[in-house]
Amino acid sequence: MDVPLMREIVIIFSLALMVLLLLNRARIPTILGFFVTGVIAGPSVLGAVSSGSIESLAELGVILLLFTIGLEMSAERFGEFRRTALIGGTLQICLTVSVVTILTMVLGLSPGKAVFLGFLISLSSTAVVLKVLQDFHETEAPHGQASLAILIFQDVAAVPMILTVPFLGGVVGDPSSALGTLLTAGAVLLGTLVSARWLVPRLFDVVAATGSREIFLLTVILVCASVTWLTGEVGLSPALGAFLAGLIVANTEYAHRAQGTILPFQEVFLSFFFVSLGMLLDLRFFLDHIYLIVLAVIGVLMIKVVMNSLVGFVMGYSARVVVLLGLVLAQIGEFSFILSETGLRYGLMDRLTFQAFLSVSLITMAITPFLISLSPRISERIVRADLHPRIKNGRVYRRPSVDLRDHLIIIGMGITGRRLADTCEDHGIPYIGLDVNPEAVRRARDEGLNVYYGDGTHLAVLRHFNVPEAAVMVIAIADYRSTVHAIHEARALNEGMKIIARIRGFENTEMLYTAGADVVVSEKREATRRISDEIFSCYSGVCELEE
């Protein structure tokens, strides 16, 4: 390996280690640490990395990151959120692009550049949002599921956006050239579909028969490199090819094995991506235009929060989920960087505009963890305001035709909630299920379950479904704060009702009991206890493990 390149890699990782150790004490997210490392190592501060290496690292970081994102997006996963993804994603992109286009045209931009800027701002960061939601254990929460559904749609929609850029730049003026561009793009997409359907699965069948992990890993890398190279050869973005390669592998029966092999390196790919972005930032330009950049950041955040929240409202979510959704998707995403590079090539932005866009994007990404951590408090303050019931509670279905008494209330129709509903159906137990995810409600009702839309953390909704006359309530939602709030509200309505709360991890159970829960069941704690019992049954005279 080239000695200077090895020296640069050692410098980057040494800086990253020191920065992360310092920021970890202040509980600052690691994503921000990688970005700061890139700024320090880049030409703006130490200049420890050559310009050629910066471009190579940036391209490699984007390629690796987008491959892992594509790898997680199987058709099965898309089907789980199909309605939210298609309707919510389409609305979010169309609204954001329209608003940005109108505003920037008023400021003097040409229609092509205005639409292109709308494309850039409309996309959010799958990598950042997924990482932060996982860190906060909110991927299964209603706003987490809705956010991921819209992000999946955005990532897929970025493909036609990239193909539209030459037309926006006015480069494809000749009809034959336009036809050639469309045919090339169509051929690439068709080749992706054919490969995903027939070619790659057969290749993996042959490889899997060898039983070799090394050969399987090399095959996954070969698929990624081949599709990336081919898309680059036909004039499309190599990073787009990496994303398509991930989609190809994700839709085979070997997807889980490939994910188990590649995804453990996702943190490394994410670090490469943010370090490379930090190195691309011109710190002098940033400091010289700090006031304009901050104003642009505020403008982008306001537009995205309002548009995302409007989409949540149209989809029928409660005010709390609507606010959370708006804040979670407020940043600019990694596909926007691919779009911006394409825009540079076709004259839709110059180098100064690119630096301004890069600065604004990085700030929105960097503050995303802080926005998500503050979002519950912001949403609670908004919900406490004197809002119209339709806005506060979201879409509420009609009251059940049978006025139930001594019934079971199930809040949260995930796996646990639906199994409980099935059990009630089998044994004739009167019950009502509530969920704030319209898609989960629709699926449950299609299966004949007695499930309604409603936010179980609101007093009015609980009263609507006759909680004062209920015998038992089970709260099976992923959001810990919402669980505490739901217990408070339910206990205020019915002091004699038995309340059972399910939590996923080792969260503080004392707060739940103080709020009014009678029984708290932790999935991880119960699993640990059961495994401990099985272990200790094999030994004699061994005391129990401490929790």
Side-chain angles (χ1 to χ4, degrees), residues 27 29 129-148 305 308-309 312 317-330 367-385 387 391-394 409-417 433-437 440 453-463 467 473-493 497 499-525:
R27 298 184 179 275
V129 171
L130 183 60
K131 176 70 168 62
V132 177
L133 288 178
Q134 287 173 343
D135 290 344
F136 286 111
H137 308 289
E138 293 181 356
T139 53
E140 299 298 323
H143 63 278
Q145 292 185 341
S147 300
L148 293 176
V305 168
N308 297 334
S309 300
Y317 289 105
S318 65
R320 183 179 62 85
V321 178
V322 163
V323 174
L324 293 173
L325 180 65
L327 293 169
V328 167
L329 298 178
I367 65 177
T368 294
F370 303 104
L371 281 178
I372 294 180
S373 64
L374 292 173
S375 59
R377 276 178 269 179
I378 296 173
S379 64
E380 286 300 324
R381 289 194 175 187
I382 292 176
V383 168
R384 287 186 196 139
L387 300 175
I391 298 175
K392 181 177 287 190
N393 302 325
I409 299 281
I410 305 171
I411 299 179
M413 296 308 297
I415 295 175
T416 301
L434 299 180
D435 203 293
V436 293
N437 186 343
Y453 181 90
D455 191 339
T457 64
H458 289 304
L459 201 66
V461 174
L462 296 177
R463 196 178 281 118
V467 168
M473 172 180 284
V474 175
I475 303 173
I477 53 181
D479 189 351
Y480 177 77
R481 296 185 185 93
S482 297
T483 300
V484 176
H485 194 65
I487 295 171
H488 268 298
E489 300 294 297
R491 184 57 73 203
L493 286 174
M497 175 178 61
I499 299 178
I500 304 169
R502 184 223 63 185
I503 55 176
R504 292 193 178 276
F506 297 94
E507 294 92 346
N508 181 17
T509 58
E510 189 67 31
M511 188 179 296
L512 298 173
Y513 284 117
T514 302
D518 296 295
V519 179
V520 178
V521 179
S522 166
E523 290 183 355
K524 291 183 180 179
R525 183 174 281 114

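For the single chain, residues carry numbers from 1 onward in sequence order. From a predicted model like this one, the values you see are computed outputs, not experimental measurements.
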Scanning both residues in full, the closest heavy-atom pair of Gly144 with Leu133 reads CA-CD1, 4.0 Å
Name all residues meeting the side chain to side chain contact (heavy atoms under 4.5 Å, CB included) criterion together with Asp435; count only those two or more places apart in sequence or in a different chain, and write none if there are none.
Met413, Asn437, Ala440, Val441
Given side chains that start at C-beta, do those of Ser375 and His143 come closer than 4.5 Å, heavy atoms only?
no
Ile499 backbone acceptor or donor facing Asp518 side chain under 3.5 Å
yes
State which residues pass side-chain hydrogen bond (donor to acceptor under 3.5 Å, both in side chains) with Arg481; sequence neighbours excluded, sorted by chain then number.
none
Taking side chain as C-beta onward, heavy atoms only, is Ile411 less than 4.5 Å from Leu462?
yes
Excluding sequence neighbours, so at least two apart, what forms side-chain hydrogen bond (donor to acceptor under 3.5 Å, both in side chains) with Ser309?
none
For Ser482 and Ile477, work out which heavy atoms get closest and say how close.
CB-CD1, 3.8 Å
Residue set satisfying side chain to side chain contact (heavy atoms under 4.5 Å, CB included) with Val484, at least two apart, ordered chain then number -> Tyr480, His488, Met511, Leu512, Ala515
Suppose we screen for side chain to side chain contact (heavy atoms under 4.5 Å, CB included). Which residues come up paired with Thr368, at least two apart in sequence or across chains?
Val128, Gln331, Ile372
Is a side-chain donor-acceptor pair under 3.5 Å present for Thr509 with Arg525?
no
Arg502 and Glu523: which non-hydrogen atoms are nearest, and at how many Å?
CD-OE2, 3.2 Å
Residues passing the side chain to side chain contact (heavy atoms under 4.5 Å, CB included) test with Ala330, sequence neighbours excluded, are Leu301, Val305, Leu371
